[in-house]
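Chain identifiers are assigned alphabetically (A, B, ...) following the order of the sequence lines, protein sequences preceding nucleic acid strands; residue numbering begins at 1 within each chain.
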Amino acid sequence: MPELPEVETVRRTLAPIVGAQMVRTWWSGKNLRLNTPVDIEALRAASRNAQVEAVRRLGKYILIDLQGQTETILVHLGMSGRLRFFPKGEARPSHTHVEWRLKDGRSLRYSDPRRFGNVELVVRGEERAHKSLAKLGPDPLDDGLDSAALRAGCQRTSRPIKVALLDQSLVAGVGNIYASEALFQARIHPKTPANKLSLARCSRLAEAIVAVLERALSHGGTSLKDFISADGHAGEHSHYLWVYDREGQPCPEPSCAGKVRRSIQQGRASFHCPRCQRS
DNA sequence: AGACAAACCTGTCTGC
DNA sequence: TGCAGACAGGTTTGTC
C-alpha cells in the first residue's frame, strides 16, 4: 500500500499520540513479514508505561521513540498495513495484529491483512545498523535529492530506471505508483537503462521525484484501495495521478496525442506514455 | 556482484 | 450464483 507520501501522512496524523503513555501491548499471535513472530515480550518490556516521545520516518519505515527507552518501535506497513489510533471502547478491526493501549483509554493499532509488514524493535540511535535501514538511499523530502548523487547511483547499474527506483538504495521511499509518475514528469521511458541517463536527465528526474512526492503528500497520499491515515481518512491523490492505472487513457500532456501504455517490469505494472517518454 | 523469479498472504475484482 | 484466475501500494531470498 504505502509509499513515502502515505507513510509520511500516517506519521503526521500520529502526532496526537506524542506524550501519551502506553500501558498494555497485545499481539494477535499471527506471524508477520517472512513468517516471523512478533517478539511480544521485548515489545511489552519496551512499551510498558512508556511515554511516546516522537514519531519519525525513514523512507517507508515509521519509528516510534519511547521516553527513556533504549529501543525504538520500528513499523513497516508492507502492502496492506495500517497504523491507526482509536477512541476508547471502539472495537478492534479484523486483521489487527498489534495493539498498544494508552493510559487515556485510546489505543494504537497495527492491522495488516496480507501480513507483509512488520513491527519490531531497533536500538535507538543505531537504527541504521538494522539490515533494512542500512541500505536506504537519501530520503527525497528530508534530505533532498542531489542530481549528481542520483547520477552516480544510476551509473552503478544497467537495470531499467523504473526497476532501479524501486530498490530503496538509490532513493528511499519511491514505490510502484510514484516511480511511474516521476518518470512521466521527467519524460523518461521506464525501460531506459539507468546508466544511460545523462546528468541533465538525472537532474530532471531528481526534480520530478521530489515534486511528485510533495504533490501526493499535499493530497494526503494515494488511496487506491487500502490506504488510510492514522485518523482514518483516505488520501485524495488518486484523482491526480497522470499515468498510474490509466492504461488506454489519453496522455495527460495536452499537446500529446498518445495513450497511456501498461507494461510489466520485474513482475510489476508500469505505466508510461510511449510518445512523451523516451529512452 | 548483479539480475531475475518466486515467495510471503489475504482480499477483491473480472470473466466464464 | 459460483468458481478460477489475475492482480494489488513491498521486501526478502534463492538461483543463475
Side-chain angles (χ1 to χ4, degrees), chain A residues 1-11 28-38 57-62 74-83 93-97 110-120 130-137 153-183 191-195 209 212-213 215-217 219-229 234-248 262-271:
Chain A
M1 147 182 75
E3 305 182 34
L4 191 153
E6 292 75 38
V7 178
E8 176 61 15
T9 297
V10 170
R11 191 196 71 78
S28 66
K30 293 259 187 125
N31 295 349
L32 298 180
R33 173 182 298 177
L34 299 176
N35 209 22
T36 47
V38 170
R57 179 186 59 76
L58 278 177
K60 300 175 191 172
Y61 291 82
I62 289 175
L74 178 68
V75 179
H76 192 285
L77 303 174
M79 293 277 259
S80 56
R82 289 176 174 180
L83 201 51
S94 52
H95 304 292
T96 298
H97 295 298
Y110 175 77
S111 66
D112 186 359
R114 292 178 74 178
R115 286 184 274 135
F116 283 6
N118 205 10
V119 177
E120 58 192 310
H130 184 281
K131 197 169 168 245
S132 311
L133 302 184
K135 66 170 178 216
L136 292 182
C154 285
Q155 291 283 294
R156 273 185 257 114
T157 179
S158 60
R159 309 175 98 185
I161 184 61
K162 160 78 181 346
V163 172
L165 284 176
L166 294 184
D167 178 316
Q168 301 297 297
S169 59
L170 195 55
V171 179
V174 174
N176 205 38
I177 294 178
Y178 303 117
S180 281
E181 294 290 298
L183 288 169
K191 294 197 171 138
T192 312
N195 58 5
I209 289 169
V212 160
L213 296 177
R215 190 162 161 267
L217 182 57
H219 295 132
T222 301
S223 295
L224 296 180
K225 209 163 88 65
D226 296 322
F227 172 70
I228 54 172
S229 60
E236 296 299 322
H237 191 64
S238 58
H239 306 302
Y240 303 92
L241 294 173
W242 290 311
V243 292
Y244 185 84
D245 210 13
R246 296 275 187 274
E247 183 183 18
R262 179 182 192 269
S263 61
I264 301 292
Q265 289 182 273
Q266 236 196 197
R268 313 197 62 191
S270 275
F271 299 87

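Between Arg268(A) and dG10(C) there is a side-chain polar atom (N or O) within less than 4.0 angstrom of OP1 or OP2. Distances shown here put a side-chain N or O of Asn35(A) below 4.0 Å from the OP1 or OP2 atom of dC9(B). Look at His95(A) and you won't find any side-chain N or O under 4.0 angstrom from OP1 or OP2 of dC9(B). Taking side-chain N and O atoms only, Ser80(A) has no distance below 4.0 Å to OP1 or OP2 of dG11(B). Within the structure, a side-chain polar atom (N or O) of Arg159(A) is placed less than 4.0 Å from OP1 or OP2 of dA3(B). Lys135(A) has no side-chain polar atom (N or O) that falls below the 4.0 Å cut-off from OP1 or OP2 of dT11(C). In this model, the phosphate group of dG10(C) is not approached by any side-chain N or O of Gln168(A) to a distance below 4.0 Å at OP1 or OP2. For dT11(C), the OP1/OP2 oxygens have a side-chain nitrogen or oxygen of His76(A) closer than 4.0 Å.
Protein atom OH of Tyr110(A) is 13 Å distant from nucleotide atom P of dG10(C), rounded to whole Å. The distance between atom CG of Asp226(A) and atom P of dC9(B), rounded to the nearest whole Å, is 18 Å. For Lys225(A) and dT10(B), the NZ to P distance is 14 Å, given to the nearest whole Å. A straight line from CG of Leu136(A) to C1' of dG10(C) spans 13 Å, rounded to a whole angstrom. What separates CG of Asp245(A) from P of dC7(C) is a distance of 12 Å, to the nearest Å. Between Tyr244(A) atom OH and dG10(C) atom P there is a gap of 8 Å when expressed in whole angstrom units. Remark: C1' of dG11(B) and CZ of Phe227(A) are 19 Å apart, rounded to the nearest angstrom. Put simply, OH on Tyr61(A) is 7 Å from C1' on dT11(C), counting in whole angstrom units.
Atom CD of Glu3(A) and atom CG of Leu166(A) lie 8.0 Å apart (nearest 0.5 Å). Put simply, NZ on Lys30(A) and OG1 on Thr96(A) are 11.5 Å apart, with the number rounded to the nearest 0.5 Å. Considering CG of Leu241(A) and OH of Tyr178(A), their distance stands at 6.5 Å, rounded to 0.5 Å.
Side chains of Lys135(A) and Ser169(A): no donor on one and acceptor on the other come within 3.5 Å. Between the side chains of Asp226(A) and Ser80(A), not a single donor N or O lies within less than 3.5 Å of an accepting N or O.
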Quiz prompt | Under the 3.5 Å Watson-Crick or G-U criterion, the dot-bracket string of DNA chain B, with | for inter-strand pairs | solution = .|||||||.|||||||
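Here Ser158(A) lies in heavy-atom contact (under 4.0 Å) with sugar-phosphate atoms only.
Below 30°, between 30° and 60°, or above 60°: for Tyr240(A) and His237(A) the angle between ring planes is below 30°, a parallel geometry.
Nearest to the side chain of Pro113(A), among dA8(C), dG11(B), dA3(B), sits dG11(B).
For the P atom pair drawn from dA6(B) and dA6(C), the interatomic distance equals 13 Å after rounding to whole Å. Annotation: dC9(B) and dG14(C) have their P atoms spaced 15 Å apart (nearest Å).
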List, with names and distances, any nitrogen or oxygen atoms from the protein found under 3.5 Å away from nitrogen or oxygen atoms belonging to nucleotides 13-16 of chain C.
residue: dT13(C); atom: OP2; partner: Lys131(A); partner atom: NZ; Å: 3.0

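Remark: the backbone N or O of Val174(A) is paired with a side-chain donor or acceptor of Gln168(A) at under 3.5 angstrom. Here the side chain of Glu181(A) pairs a donor or acceptor atom with the backbone of Trp242(A) at under 3.5 angstrom. Checking side-chain atoms of Arg115(A) against main-chain N and O of Asn31(A) turns up a donor-acceptor pair under 3.5 Å.
A search for side chain to side chain contact (heavy atoms under 4.5 Å, CB included) contacts involving His76(A) returns Arg33(A), Lys60(A), Tyr61(A), not counting sequence neighbours.
Remark: ring of Phe116(A) stacked against base of dC8(B); centroid gap under 5.5 Å, plane tilt under 30°.
Counting atom types as modelled, Arg115(A) pairs no side-chain N or O with a base atom of dC9(B) as donor and acceptor under 3.5 Å.
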Exercise. Dump the intermediate steps for side chain to side chain contact (heavy atoms under 4.5 Å, CB included) on Phe116(A) and Leu32(A), then the final yes or no.
Key: CA-CA 6 Å; Phe116(A) 283 6; Leu32(A) 298 180; over 6 Å; no
